[in-house]
Number of protein chains: 2
Amino acid sequence: MRDFSRSLPMSLLRAREAVMRQFRPKLREHGLTEQQWRILRALAAIEAAEVTELARTAFLLGPSLSRILRDLEARNLIERKTAKADQRRSMVSISREGVKLMAAVAPSSEAIYAEITQRFGARKLAELQEMLGELELCLASTGASDDVTDET
Amino acid sequence: MRDFSRSLPMSLLRAREAVMRQFRPKLREHGLTEQQWRILRALAAIEAAEVTELARTAFLLGPSLSRILRDLEARNLIERKTAKADQRRSMVSISREGVKLMAAVAPSSEAIYAEITQRFGARKLAELQEMLGELELCLASTGASDDVTDET
DNA sequence: CGCATTCACTTAACATGTTAAGTATCTTCG
DNA sequence: CGAAGATACTTAACATGTTAAGTGAATGCG
């Protein structure tokens with residue numbers, strides 16, 4: 001069997017870990033996890049979003065998101081209100097405090113990203129992201145539990 | 001701020017998830033998680049390994065590995081014995097049952113990997129892995145908690 | 001030898017990943 | 001209208017990620 005440490009899943013895992021290791025300490029200084037930071041960033045870019053939409057944007061599963069939103073709400077970093085038209089949906093938005101926290105963390109985050117870009121090379125980084133996107137695309141809707149009806 | 005859904009960490013996360021989504025269902029059929037499978041594969045390639053060595057190979061943190069080894073041992077998929085020379089170390093090896101399970105899963109796993117390779121293209125896959133390796137390398141020992149003494 | 005330090009591993013505590021089940025609301029259709 | 005089904009979440013349960021603290025064994029050194 002192929003040496004699994006050279007397999008694609010392991011390559012992706014190690015590469016991502018190498019990248020995230022750069023960010024985690026700074027996020028931690030502000031009491032944020034990687035996932036919480038993703039949610040704040042996603043919310044900062046829009047007025048408000050439904051939970052399902054936010055899950056898709058931040059690439060989190062529903063149950064994880066539910067827990068995290070509960071915690072972020074308790075820390076007053078986000079706000080929630082049920083939609084008028086459909087009581088099932090809740091609209092999530094970032095709070096004033098959340099915006100302040102973002103503003104405090106963003107510069108360091110940007111600096112770290114710039115450092116990574118500079119080290120690896122901007123052109124190579126773009127190429128890498130292009131390939132990752134293609135990989136994702138060519139595997140789309142090929143898993144076991146997809147909402148596709150005409151699978152073989 | 002840059003659209004975070006196009007950031008490197010998200011690209012890596014989505015790509016890896018797209019890949020793992022192909023494998024998880026089959027592993028699940030055999031009652032294995034991705035991490036348990038990594039450990040079995042790592043052990044299958046060697047006679048026996050110390051826990052720390054195994055953690056490095058399977059890319060797992062010590063605490064995670066401790067729990068997983070406890071469970072795999074309870075399921076009789078691995079065996080442990082403390083080293084003679086150093087009572088702190090324990091040598092882990094795959095059991096006969098573990099080998100049997102590997103043999104049962106390996107063909108499907110290989111088939112899935114082959115399918116991915118074929119879809120994405122073998123040459124492109126090699127290029128991607130090359131870039132991922134370079135990324136990992138250029139970020140090595142740059143995090144906050146590394147055992148490097150001469151950091152800036 | 002003896003004791004502080006280091007080392008290998010485990011436990012603990014909390015956050016998230018993952019699947020299944022639950023709840024409340026909305027929609028559909030007879 | 002009203003019951004069956006669909007939808008948008010939430011909870012539950014178990015496995016892992018992550019950091020800190022704990023435990024027992026080996027080492028270094030006076």
Side-chain angles (χ1 to χ4, degrees), chain A residues 9 13-14 16-17 20-21 23-39 48-56 58-75 77 80-92 143-147, chain B residues 9 13-14 16-17 20-21 23-39 48-56 58-75 77 80-92 143-147:
Chain A
L13 181 59
R14 279 196 304 255
R16 188 175 137 83
E17 178 54 29
M20 287 317 301
R21 182 163 41 231
F23 290 96
R24 261 192 283 269
K26 187 59 67 176
L27 293 178
R28 189 171 174 71
E29 281 179 21
H30 295 270
L32 287 175
T33 66
E34 175 196 336
Q35 292 82 355
Q36 293 167 347
W37 178 238
R38 289 218 299 271
I39 293 172
E50 298 173 13
V51 173
T52 302
E53 183 188 354
L54 190 55
R56 190 167 31 76
F59 208 69
L60 292 169
L61 294 179
S64 292
L65 186 53
S66 267
R67 283 177 307 213
I68 300 175
L69 289 180
R70 166 167 49 71
D71 299 347
L72 290 179
E73 191 175 21
R75 289 167 65 182
L77 295 176
R80 273 204 272 200
K81 54 179 180 184
T82 47
K84 307 176 196 75
D86 189 338
Q87 304 271 335
R88 290 171 306 181
R89 299 164 196 270
S90 94
M91 303 302 292
V92 186
S145 61
D146 279 319
D147 44 343
Chain B
L13 181 58
R14 280 196 303 257
R16 188 175 137 82
E17 178 54 30
M20 287 317 300
R21 182 163 41 233
F23 290 96
R24 260 191 284 269
K26 186 59 67 175
L27 292 178
R28 190 171 172 72
E29 281 179 23
H30 294 270
L32 286 175
T33 66
E34 175 196 334
Q35 292 82 355
Q36 292 167 349
W37 178 239
R38 289 218 299 272
I39 293 172
E50 298 173 12
V51 173
T52 302
E53 183 188 354
L54 190 53
R56 189 167 34 74
F59 209 69
L60 293 168
L61 294 179
S64 292
L65 186 53
S66 268
R67 283 177 307 213
I68 300 175
L69 289 180
R70 167 168 49 68
D71 299 346
L72 290 179
E73 191 175 19
R75 289 166 65 182
L77 295 175
R80 275 203 273 201
K81 55 179 181 185
T82 46
K84 307 177 196 74
D86 189 338
Q87 304 271 334
R88 291 172 304 182
R89 300 165 197 269
S90 93
M91 303 304 291
V92 185
S145 62
D146 279 319
D147 46 339

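A note on names: the letters A, B, ... follow the listed sequences, proteins ahead of strands, and every chain is numbered from 1. Because the structure is predicted, anything quoted here is derived from the model rather than measured.
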Would you kindly check whether a donor in the side chain of A:Arg24 faces an acceptor in the base of D:dG17, or vice versa, at under 3.5 angstrom? no

So what does A:Leu60 hit on the nucleic acid, given a heavy-atom distance under 4.0 Å: a base, only sugar-phosphate, or nothing? sugar-phosphate

What is the distance from atom CZ of B:Arg56 to atom CD of B:Glu50, rounded to the nearest 0.5 Å? 9.5 Å

When you check the gap from the basic side-chain N to the acidic O, do B:Lys26 and B:Glu29 get nearer than 4.0 Å? yes

When the distance from NZ of B:Lys81 to P of C:dC9 is rounded to whole Å, what number comes out? 15 Å

Nearest nucleotide by nearest heavy atom, which residue falls closer to the 5' end of DNA chain D, A:Arg88 or B:Asp86? A:Arg88

Between A:Leu54 and A:Leu69, is any pair of side-chain heavy atoms under 4.5 Å apart? yes

A:Leu69 vs B:Arg38, nearer the 5' end of DNA chain D by closest nucleotide: A:Leu69

Any side-chain N or O of B:Ser66 under 4.0 Å from OP1/OP2 of C:dT11? no

Here the gap from B:Leu72 atom CG to B:Gln36 atom CD, rounded to the nearest 0.5 Å, amounts to 5.0 Å

Roughly how many Å is it from CG in B:Leu54 to P in C:dT10, rounded to a whole number? 11 Å

Taking the nucleotide of DNA chain C with the nearest heavy atom to each, does A:Arg67 or B:Val51 sit closer to the 5' end? B:Val51

May I have the distance from A:Leu65 (atom CG) to C:dG17 (atom C1'), rounded to whole angstrom? 13 Å

Picking from C:dT16, D:dC9, D:dA20, which would you name as closest to the side chain of A:Arg28? D:dA20

Answer yes or no: does a side-chain N or O of B:Ser64 lie under 4.0 Å from OP1 or OP2 of D:dG17? yes

Give, for atom CZ of A:Arg14 and atom CD of A:Glu17, the distance between the pair rounded to the nearest 0.5 Å. 11.5 Å

With nearest nucleotide decided by heavy atoms, which residue, A:Ile68 or A:Gln87, maps closer to the 5′ end of DNA chain C? A:Ile68

Regarding the side chain of B:Pro63, the nearest nucleotide among C:dA15, D:dG17, D:dT19 is D:dT19

Should A:Arg80 be listed as having a side-chain N or O under 4.0 Å from OP1 or OP2 of D:dT10? yes

Of the nucleotides D:dT18, C:dA15, C:dT18, which one has an atom closest to the side chain of A:Thr33? C:dA15

